[in-house]
Each structure stands twice: as C-alpha cells, then as structure tokens.
Amino acid sequence: DLHYARQIRSDGRFLKIFQKEQGSKTLFVMGDRPASRQSGDFLYLNHKEGYNNLSVKTFKAIEYCHNNFKFKKLIKVDCNIFDYHKTMKSRAKKFDPKVIFKKIIKNNLDSEYGGIIPHITNEKRMRAWIDMHTKGGKFMGNETYRLIKEVGEIPYFQGKFYYIDRRFARFISSSKGSRVSRYFVKNLGGAEDVFIGLMYLMYRKKVNSKQIMNIVNAEQVAGKRARR
C-alpha cells in the first residue's frame, strides 16, 4: 500500500538493490483509479483495491507491463516484504532482498516462472484458505468445486515474491487470463498466486485448458443471466 511505498522510497537502499543487481525498473502498483496509467514510479490501475480482488489486479498489472515495457523478467514483490522490523525477526533471511536477487533470480535466469516458497494447493487446501480469508467460505460454490476437481492440484509460488518471463506474461495477458482472473475473484477469493500457478499449467499444457475455459465461461455466462 501507499504506506510501504513511501517507506521503501524514503529509505532508498531497497530500490538500490533492485536496480544494482538487475538493472531493473521499480513500479509501485496501486488501484482505485479511473484509468490505468504510469506516473513516475507508480503504476495506477483501473481496478478496485481489495485483498479478494488481487487476481484481477495482478492480471491488469501484467497486461500493462507487457503492453508498455520491454523486459526479460517481470518480478512481483509484496511491498511489506521489506518491513524488516517484522519480517526479518519472524522469517530470518529468506526475504532479504540480497538473498532474493543473488540466490534466486540469478540462478534461474532461464526459467519461465519462479519464486521463493513453492506450494501446491488442491480442493481441501483451497477450502481451508477461503474459509479463513472470507469468514465462512462465501466464495465457494458449485462452479468452484468443479474447477478445482478438474485441475486436481495447482503448484504455485507464494505471492510474497515470484517472477515470470515475457512469453509467459504474454500468455497471461490474453483474454483467457482476463476471464480466469475474474473467475478467481468471484469464486476463489482472488488468490493471485494460485491464479498465476493455474495459468502456468495452462501455458505449459499440463492441464486441459479447453475444459478449464469451458468451466470459466459457463460460470460467467450464468452470472450475466442472473443479473438480467
């Protein structure tokens, strides 16, 4: 959020690590704007902010960067990863920026998708996560069960930090990415890291993408009919 953006900008050392190690450009992504645009080191998105809307925010950020910047790797980092007063005490050096860039990115320059903490989710784990984050699992409906059962398990990297290459970003920026991100907001609590994990399975053709899109499209058509 804006608090962490100001903290990182005022300190300066974290941005220097980004720029020195990778020659990268750093953008703070913010929503709740009437139109998507870049202003300095802020990327404003036409998107409603909220934890349960993160999959759409992530899609729009990737889409904007793909369409407006030339890059080899697009790196997503939660701004509060740099809150050393809390993070470094509880999770030691795992989230140290020097560790992130020197030990992870530099050793995986040829990979399409990587991160710090790998996870695998399934129907049971998604039920527990959504129940915890939405106070009773209000997002879980019949269509959600159908999608999770179709996929089985989704490997992904935790949302604190992950990166994707340009080709994978192009795939996410497609209409499929837009529709799947909205599906996640409506049915899966907007879990953006799981959204990226599912898109990667589709990108590498490790799941039946046609069947997944049939589920997503059918649910969205049903939603439009219900609103009429």
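Scope of the values below: all heavy atoms of this structure, side chains included, with no hydrogens, waters or symmetry mates. Positions are given from 1, in the same order as the sequence printed here.
Under the 30°/60° scheme for interplanar angles, the aromatic rings of Phe28 and Phe42 are found to be tilted.
Checked against side-chain hydrogen bond (donor to acceptor under 3.5 Å, both in side chains), Tyr162 has the following partners two or more places apart in sequence or in another chain: Glu192. Scanning for side-chain hydrogen bond (donor to acceptor under 3.5 Å, both in side chains) contacts around Ser175 gives Arg179, with sequence neighbours left out. Remark: Glu49 pairs with Lys57 by the salt bridge (charged side-chain N to carboxylate O under 4.0 Å, His left out) rule, at least two apart or across chains. Under the rule for a salt bridge (charged side-chain N to carboxylate O under 4.0 Å, His left out), the partners of Arg204 that lie at least two apart in sequence or sit in another chain are Glu112. Residues passing the side-chain contact (heavy atoms from CB on, under 4.5 Å) test with Asn208, sequence neighbours excluded: Glu150, Lys210, Gln211. Considering only residues two or more places apart in sequence or on other chains, Arg167 meets the side-chain contact (heavy atoms from CB on, under 4.5 Å) condition with Asp165, Arg170, Tyr203. Contacts of Tyr156 classified as ring-ring contact (aromatic ring centres under 6.0 Å, His included), with partners at least two apart in sequence or in another chain: His119. For Phe157, the ring-ring contact (aromatic ring centres under 6.0 Å, His included) partners two or more places apart in sequence, or in a different chain, are Tyr113.
Counting only distance, with no hydrogens or angles, the side chain of Arg125 and the backbone of Ile120 share a donor-acceptor pair below 3.5 Å. No donor-acceptor distance shorter than 3.5 angstrom exists from the side chain of Asn122 to the backbone of Glu153, with no hydrogens or angles considered. No side-chain donor-acceptor contact under 3.5 Å links Asn46 to the backbone of Ala35.
Across all their heavy atoms, Leu201 and Ile154 have their closest contact at CD1-CA, 4.1 Å. Nearest heavy-atom pair across Arg33 and Tyr44 is NH2-CE2, 3.2 Å. Residue Ala169 comes nearest to His66 through the heavy atom pair C-CD2, 4.3 Å, listed as atom of the first residue, atom of the second, then distance. Met213 and Met202 make their closest contact through SD-CE, 3.8 Å (heavy atoms, listed as atom of the first residue, atom of the second, distance).
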### Query
Going through the checks in order, is the side-chain contact (heavy atoms from CB on, under 4.5 Å) test met by Arg182 and Ser178?
CA-CA 6 Å; Arg182 295 196 302 271; Ser178 176; 2.6 Å; yes
### Task
Could you walk me through whether Thr58 and Ser181 pass the side-chain contact (heavy atoms from CB on, under 4.5 Å) test, one step at a time?
CA-CA 8 Å; Thr58 301; Ser181 71; over 6 Å; no
### Message
Test side-chain contact (heavy atoms from CB on, under 4.5 Å) on Tyr64 and Ser173; report intermediate values, then the result.
### Response
CA-CA 8 Å; Tyr64 187 95; Ser173 299; over 6 Å; no
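Rounded to the nearest 0.5 angstrom, Asn187 CG and Met126 CE are separated by 10.0 Å. With values rounded to the nearest 0.5 angstrom, Leu188 atom CG is found 11.0 Å from Asn52 atom CG. Taking SG from Cys65 and CG from Leu43, the interatomic distance works out to 5.5 Å, rounded to the nearest 0.5 Å. The structure places CG of Leu54 at 12.5 Å from CZ of Phe184, a figure rounded to the nearest 0.5 Å. Interatomic distance, CD of Glu63 versus NZ of Lys60, reported as 8.0 Å (0.5 Å rounding). From Asp78, atom CG reaches atom NZ of Lys160 across 5.0 Å, with rounding to the nearest 0.5 Å.
Side chains of Phe71 and Arg166 form a contact here, defined as non-hydrogen atoms less than 4.5 Å apart. Side-chain contact between Asn68 and Gln38 is absent, with no heavy atoms from C-beta onward closer than 4.5 Å. Looking only at side-chain heavy atoms (C-beta outward), Ile196 and Tyr200 stay at 4.5 Å or farther from each other. In this structure the side chain of Leu147 reaches within 4.5 angstrom of the side chain of Ile212, judged on heavy atoms. A 4.5 Å side-chain heavy-atom check between Asn53 and His47 finds at least one atom pair inside the cut-off. The closest side-chain heavy-atom distance from Phe59 to Ile172 is below 4.5 Å. Put simply, the side chain of Met199 reaches to within 4.5 Å of the side chain of Phe171, judged on heavy atoms.
No donor-acceptor contact under 3.5 angstrom links the side chains of Tyr183 and Ser55, judged on distance only.
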